[in-house]
Amino acid sequence: MAVEASDGPASFKRSSASKSNQLHSEMRNSASDRKESLLEKKIPKCDDSEDEEDNMSLSAIRMKVTHDNDKKATPNALKKSYDDSDDDDIPLSARLPHNTNLGESTLSVKRPLDEIGSLHSSSKKSKLSNPGSSINAKQISVKSDAKVEEEEDDDDIPISGKMNKVVKLVDKPSSSKKLKNVTKVNKGAAPSFKKKEKVKKSGNESEQLSSGDGQKKWTTLVHNGIIFPPPYKPHGVKILYKGKPVTLTPEQEEVATLFAVMRDTEYMQKEIFKDNFWNDWRELLGENHVIQNLKDCDFTPIYDWCQIEKDKKKQMSLEEKKALREEKIKQEEKYMWAIVDGVKEKVGNFRAEPPGLFRGRGVHPKMGKLKRRIRPNDVVINIGKDAPIPECPIPGESWAEITHDDTVTWLAKWRDPIKPNKLKNVSLAASSSWKGQSDKEKYQKARMLKSYIGNIRAAYTKGFTSKDITKQQIAVATYFIDKLALRAGNEKDDEEADTVGCCTLKVENVTAEGHNKLKFDFLGKDSIKYENTVEVELPVYKAILKFQKDKQPGDDLFDKLDTSILNAHLKELMPNLTAKVFRTFNASFTLDDMLNKETKDGDVAEKTAVYQHANKQVAIICNHQRSVSKNHSAQISKLNEKIDELQAVLKELKIDLDRARKEKPPLKRSSDGKNKRNLNPEAIEKKIAQTSAKIEKMQRDIHTKEDLKTVALGTSKINYLDPRITVAWCKRHEVPIEKIYTKTLLEKFAWAMDVDPDFRF
DNA sequence: TGAGCAACTTAGCATCTGTCTA
DNA sequence: TAGACAGATGCTAAGTTGCTCA
């Protein structure tokens, strides 16, 4: 079956960045070529089996290519294989000492990751080396292959095991005596799920892939709750109202201070921000307060006081700063860890959000509103039934509720004071097994789409001309999501910024410009502008004109569609397929494709430049933008000045070289006023080379800075690029993984470090 | 069937921290 | 050794998705 129309996918050019988008277009063409061959020739062997083969460890590669990077975390030390923990029949908790009490000194030091690896690894090797588990030999249809891929890859199975009845209790905080008792009860508890067994029994493909909503996520869960910001300390600095100092109560002063420190931000230029602040602050001031409007308030004294405090902090000695940091760590240490089924895991956000003024993005109707202080009685704690209930850190107060819900992964939650129908959750850090497993499942699903994409594209191409308007809209929307990496686009209420995604595009967001060109112009997530002019296939162009006919600005372009209809349709095409999978698929596919086409022989710097280039293309595809930093132009000017100076030096050196060759002394004084030494021609040539290299480096820096000033590379690296592509490429090309990933990302992607060097997305 | 909710992921900006340079 | 700077990390807003219930 043909995957694309014979003339290939539409070529896309973003008006604002034509060069890069031409590349984008080329990439897509090449990508589709490859996909087509995949369908016609059947998918190659499923790569997960490659994970199971013996492969050169990353640490070995690092030893080969780096000798001077010892201070950084070694990937070997960071290996924390989920494969290991998942595959064993022995529950993790059974392999770790029970009765582990969080917050005790035994847990005050982070368990080294290599130790975690050693806890799990022994039984893995034997299983992984089992040739019988390889799926290389399987040559079956595309869909079957994809299914096999899932089944063979044990790691894709949700952590969750059997369904467990949710037990909910409402407890009051217990005494320490009670905590000890509960800990003892916990001693005997052991996780009972066996993932591997579950998979083999289950014949339901989608169930295997699902992240397991409503399924049991843990058996034992121990943690210490969350920490709250210290109470407000009044400073007593008065604001001026009509030029006269006004005394405020501590509550009024606290909110005034939150406003004062916003002086240099763009929020202060927005009337909604100031209006919302005034409404909330006025309530605190009371009706008969001397302050009757915001316009006559001068917050400068508080602003100045804050600046002085900031400077004082800056001026502290290194020792003082270090002491403060250590004190903070000491206070927070016990909140930083949780024990899940006997495994110590890092907690992500264990601090309650401090009070502040709401900083909604774009034109948000609630910006400037007071986000009140979160108190323990706002917070629901989720913890193991037998675990000690965390002590409430604020004396005299208590948690809102204690639950023991083993079907969720949050440790604590509270209602967002700004949007009361939204919850804020405290969960494990990105480096945790839960997040790692979920990440891997995400990439496996995206990888699975590779096997289906040909059929999906053929289906939506057919749908472009469907007489059923709903089917036609689904087809065009899917095309946009696939080709332009648009987000699904849920409905939003009036209390949010007015942004759109694919399903919520308005008539005015897409303009037909003739010659099959469509101009997209809208605000997407975070009110980031999406502006792109693309050439589409003729039936798509015609369909858009049809959808716009007889509609007014403000009307929905896809009036027969919403995200649930779209996703329901996608699920008919591939198990568990949703709109967002396309973004992951296209991002990872592009990286894989570009790295493999563009990496040439060269030094590490050249190879990392190739990676950065590919990363940038993905960021452009996903429309990951950032605002130009405040001092960008200053930095560029400074670099240009330095280049000018160096060029003057270079000029002088060339004269000196000329003179030296004629055995004449250098010019008496150099341009910077310093006396010069008498150097031989070789030494001057060396200096010339060094100076030229400096100039070249600075010119490259300027180019890179300009090139990336509005592109955010991090978002795609963290959320869209399958780390196995990166790790395998690093292994193949002897690039130290530390050149690509920070320490934190190495921890987050620990599950990917064992990948075979031949891995392809 | 659709609204509302809950859970979790994705996102950009602010702040912190470590390194480089004068 | 201080200040500048870049990169790393933290924070929290803003999405997507799936489920429940009327």
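Chain A is the first sequence line, chain B the second, and so forth, proteins listed ahead of strands; every chain is numbered from 1.
- The side chain of A:Gln635 places no N or O atom within less than 4.0 Å of a non-bridging phosphate oxygen (OP1 or OP2) of C:dA4.
- Rounded to whole angstrom, the span from the CG atom of A:Asn425 across to the P atom of B:dT10 amounts to 16 Å.
- Side chain of A:Ala579, nearest nucleotide from C:dT17, C:dT9, B:dC5: C:dT17.
- In this structure, A:Lys571 does not reach the C:dT17 phosphate: none of its side-chain N or O atoms is under 4.0 Å from OP1 or OP2.
- Within the structure, a side-chain polar atom (N or O) of A:Thr499 is placed less than 4.0 Å from OP1 or OP2 of C:dG15.
- Set against C:dT17, B:dC8, B:dG12, the side chain of A:Ile528 has B:dG12 as its closest nucleotide.
- Among the nucleotides B:dA11, C:dT17, B:dA14, the one closest to the side chain of A:Asp526 is B:dA11.
- Looking at every heavy atom in both residues, A:Ile418 comes nearest to A:Leu370 through CD1-O, 3.7 Å.
- Going from atom CD of A:Glu496 over to atom C1' of C:dG15 covers 9 Å, rounded to whole Å.
- A straight line from CG of A:Asp498 to P of C:dA13 spans 20 Å, rounded to a whole angstrom.
- A:Gly501 comes within 4.0 angstrom of no nucleic acid atom, judged by non-hydrogen atoms across all strands.
- With hydrogens and angles disregarded, a donor-acceptor distance shorter than 3.5 Å links the side chain of A:Lys717 to the backbone of A:Ile740.
- When rounded to the nearest whole Å, the span between NZ of A:Lys748 and C1' of C:dG10 equals 14 Å.
- Across the interface with DNA chain C, nearest-nucleotide mapping of A:Leu577 and A:Arg351 shows A:Arg351 to be the residue nearer the 5′ end.
- The side chain of A:Pro354 lies closest to C:dT12, out of B:dA7, C:dT12, B:dA11.
- Nucleic acid contact for A:Pro420: none, since no nucleic acid atom lies under 4.0 Å from a heavy atom of the residue.
- The shortest distance between the side-chain N/O atoms of A:Lys413 and the OP1/OP2 oxygens of B:dA6 is not below 4.0 Å.
- B:dA14 atom P lies 17 Å from atom CZ of A:Arg263, rounded to whole Å.
- The distance between atom NZ of A:Lys638 and atom P of B:dA22, rounded to the nearest whole Å, is 10 Å.
- By the 30° and 60° cut-offs, the orientation of the rings of A:Phe585 relative to A:Phe589 is tilted.
- Closest to the side chain of A:Lys371, out of C:dA8, C:dA13, B:dA11, is C:dA13.
- The phosphate of C:dT9 has OP1 or OP2 within less than 4.0 Å of a side-chain N or O from A:Thr742.
- The base of B:dT10 sits within donor-acceptor range of the side chain of A:Lys525, with an N or O pair under 3.5 Å.
- Among the nucleotides B:dC13, C:dT12, C:dG18, the one closest to any side-chain atom of A:Thr578 is C:dG18.
- No contact: A:Asp562 has no heavy atom under 4.0 Å from any strand.
- Straight-line distance from the CG atom of A:Asp493 to the P atom of B:dG4: 9 Å, rounded to whole Å.
- Checked against C:dA6, B:dT10, C:dA14, the side chain of A:Lys442 finds its nearest nucleotide in B:dT10.
- Nearest-nucleotide positions on DNA chain B for A:Thr715 and A:Trp410 put A:Trp410 closer to the 5' end.
- Taking 4.0 angstrom as the limit, A:Lys314 places none of its side-chain polar atoms (N or O) nearer than this to OP1 or OP2 of C:dA2.
- At the phosphate of C:dA13, neither OP1 nor OP2 sits under 4.0 Å from any side-chain N or O atom of A:His364.
- A:Leu428 places its CG atom 15 Å from the P atom of B:dA7, with the value rounded to the nearest Å.
- With salt bridges taken as basic N to acidic carboxylate O contacts below 4.0 Å, one links A:Glu332 and A:Arg351.
- Contact annotation: A:Arg325 side-chain N/O to B:dT17 OP1/OP2 distance is under 4.0 Å.
- Nearest to the side-chain atoms of A:Asn349 among the listed nucleotides C:dT12, B:dT10, C:dT17 stands C:dT12.
- Electrostatic pairing of A:Arg372 and A:Asp378 counts as a salt bridge here, judged by a charged N lying under 4.0 Å from a carboxylate O.
- Between A:Phe273 and A:Phe259, the ring planes are parallel. Angles under 30° get that label, and only those over 60° would be called perpendicular.
- Nearer to the 5' terminus of DNA chain C, by closest-nucleotide assignment, is the contact made by A:Gln315 (compared with the other of A:Gln315 and A:Gly362).
- Considering only side-chain N and O atoms, A:Thr744 lies nowhere under 4.0 angstrom from the phosphate OP1 or OP2 of C:dA8.
- For the OP1/OP2 pair of C:dA14 and a distance below 4.0 Å, the side-chain nitrogens and oxygens of A:Lys492 include no atom meeting the criterion.
- Checking B:dC16, B:dG12, B:dT9 against the side-chain heavy atoms of A:Lys580 singles out B:dT9 as nearest.
- A salt bridge links A:Lys709 with A:Glu706; the closest basic N to acidic carboxylate O contact falls under 4.0 Å.
- Here the nucleotide nearest the side chain of A:Glu353, chosen from C:dA13, B:dA11, C:dC5, is C:dA13.
- Residue A:Arg487 places at least one side-chain N or O closer than 4.0 Å to OP1 or OP2 of B:dA11.
- Classification of A:Lys371 and A:Glu353 as a salt-bridged pair holds, one side-chain N sitting under 4.0 Å from a carboxylate O.
- Considering only side-chain N and O atoms, A:Thr409 lies under 4.0 angstrom from the phosphate OP1 or OP2 of B:dC8.
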